[in-house]
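Single-structure report; data block below.
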Amino acid sequence: MGRAMNLFSDIRALVVGALDAMTAAGELPAGLDFSAVAVEPPRDPAHGDMATNAAMVLAKPAGLSPRVIADKLAPRLASDPRIASAEVAGPGFLNLRLSPAVWRGLVHAVLTEGAAYGRSDLGQGTKVNVEFVSANPTGPMHVGHVRGAVFGDALARLLDFAGHQVTREYYINDGGAQVDVLARSAYERYREANGLEPDIRAGLYPGDYLIPVGEALKAKYGTSLLDKPESDWLVDVRNFATGMMMQVIREDLAALGVTMDVYSSEKALYGTGKIEAAIDTLRGMGLIYEGVLEPPKGKTPDDWEPREQTLFRSTAHGDDVDRPVKKSDGSWTYFAPDIAYHYDKIQRGFDLLIDVLGADHGGYVKRMKAVVAALSNGRVPLDVKLIQLVKLFKNGEPFKMSKRAGTFVTLRDVVEQAGADVTRFVMLTRKNDMALDFDFDKVLEQSKDNPVFYVQYANARVNSVLRKAREAGIACDDATLAGVDLSPLSHTAEFALAGKLAEWPRLVEIAARNNEPHRVAFYLYELASEFHGLWNRGNDDPDLRFIQEDSAKSQAKIGLARAVGVVISNGLGILGVTPVEEMR
RNA sequence: GGCCCCGUAGCUCAGGGGAUAGAGCGACCGCCUCCUAAGCGGUAGGUCACAGGUUCGAAUCCUGUCGGGGCCGCCA
């Protein structure tokens, strides 16, 4: 098997080859940089199948007018059998029309490559760490975590598809004060399990989900922890409770179809010298010092008083102010273990770090980038993806949850009501940094308003065609279709659909380069729309129906339909959504 | 006060150096003896917040202004 089909890079290679030939022929000066030469789908289909900006981007460095370059480039391209026509247009675009054989070859490639179609070697096997969710282990996951979980997982799948070696990682915040609160809360439930009145005082976690933790503590410890001072039981209860909470969180993630490769513990960084080592490394770079921060301008906290702290000189790497790594009492701030944690990720040899954080952590980005830049000597980029809020709706009305009453919407609630597939798709129908509306009714609606349904429906129609064809005795398994003569595909509408399929590998690379899985969801919507359009044209033009009288003709057209199904499946695979075979 | 994100059709949003700026909803007009009409086609609708700048070319990049949201030492 040859290398993977990517029609846009093939045609770009053709263009660059023609430019090389022009250079050799003295039509272009030697030594030009062709890296800005692009081959793209034109915005207006009337402009052809593909367009290149080569003449425009080379005009200035070549000292020639775009027109002169384009006029010489066009016939060179047109002499290739893949190019039906090459026309100069607009300010110097070269619009290309591809020959029917190219489109048939594209469909053939999709059918042959199957689940691999669109895979890319863009990533070159580089190691990427995607850290996401990282919810505090103090309770079940709630709706606020869902979007980050889906985004991180889809991003990981996307990067894997684009040729990276991906690690999905969860950082357990089990080292701070909030897990002590968890322990105290669980202890009260333990007392309750032993028939005592629990004291769920203000500041403790009131949720019912801790009742089983209390019972489990009773099963393990009996009555032995009762009437003991906190110092006797805090560590044990804390470990026990965080362990159980992490189990709950793993199950919550599994319900969403998310599996982590690595769970890293904040607590494990303490007492191992790792924090000290990371800080010492920074100190060796002259980036740690004792100093006093200025109060924030404009809105000084009432209780502000200047205190000397140990500070990280993050301003040396683009931050606005230096950041404390030690509190005034000498203990570490939350920032210190995060430094050690990112140092650890760098030392594990990742070439790229990605942190998926809630948008409320935006103020945290610069200092983390400063840390990673310093500790990796600028070798490892850190990309922080901020996830905006999800606003819940029910039937168009805002769905308010009250934290006071403890009635917060959990991840489980969302998955149980909407299903994991629908939840995942909808969460990816917005760019990560845009707020997203999630309406429990609308996401389940079966209409074109609902992109999940619309894409799934297209796939169901493909399967419907295959089913009907089989009933009619037409062989249409993948192996047969991959070997079928596609020459009956001849209509421009069919080639247009093939053109959409041709965009898939390119889309994957663009999405992966930008760490933007939502582009996959939008692409699938466009592909589905193109397919539904062709489907309906079969109403007017019987020649455009997939199932024909002639079985060889049927197989070619079914091959196109199946190719659409392949790409939808591959795309949904990146989103982590299961394609449906049939609508019900 | 500072920093980050956002501002595109009546509404919800794509596009993030290229041509006459797109989609869905809503409005209006059409399409089922035919593989699923749960769909499709068409019409109407825009100063891409505003003002400068860079560029052969800006919704896109830079600066500033206005508007919305988020964050800003001893919580994570």
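In this text, all values refer to a predicted model and were calculated from it rather than measured experimentally. The analysis underlying the following values was restricted to heavy atoms, covering all of them including side chains, and did not include hydrogens, waters or symmetry mates. Chain letters run A, B, ... following the sequence lines, proteins first, then strands; residues in each count from 1.
- In summary, the side chains of A:R519 and A:Y523 do not present any donor paired with an acceptor at a separation below 3.5 Å, with no hydrogens or angles considered.
- Side-chain nitrogen and oxygen atoms of A:R43 include none within less than 4.0 Å of the OP1 or OP2 phosphate oxygen of B:G17.
- Per the geometry, OH belonging to A:Y457 stands 17 Å off P belonging to B:G24, to the nearest Å.
- In A:K394, the NZ atom is crowded: over 12 heavy atoms of neighbouring residues, nucleotides or ligands sit closer than 6.0 Å.
- A:L353 and A:K345 make their closest contact through CD2-CB, 3.8 Å (heavy atoms, listed as atom of the first residue, atom of the second, distance).
- Phosphate proximity of B:A37 to A:W535: present, with a side-chain N or O under 4.0 Å from OP1 or OP2.
- For A:R323 and A:F312, the positive end is not near the middle of the six-membered ring at less than 6.0 Å and at most 45° from its axis.
- Scanning all heavy atoms of the two residues, the minimum distance from A:M246 to A:P137 falls at SD-CB, 3.7 Å.
- Ranking B:A19, B:C6, B:U36 by closeness to the A:M434 side chain, first place goes to B:C6.
- Nearest-nucleotide positions on RNA chain B place A:R537 closer to the 5' end than the other of A:G363 and A:R537.
- B:A19 has A:H47 stacked on its base ring, the centres lying under 5.5 angstrom apart and the planes within 30 degrees of parallel.
- Residues from residues 521-531 of chain A lying near RNA chain B, meaning a heavy-atom separation below 4.0 Å, are A:F522, A:Y525 in numerical order.
- For A:K431, a side-chain nitrogen or oxygen approaches OP1 or OP2 of B:G15 to under 4.0 Å.
- When the side-chain nitrogen and oxygen atoms of A:K557 are compared with OP1 and OP2 of B:C35, none of them lie within a distance under 4.0 Å.
- A:H317 and A:R367 share no donor-acceptor pair across their side chains, judged by distance under 3.5 Å alone.
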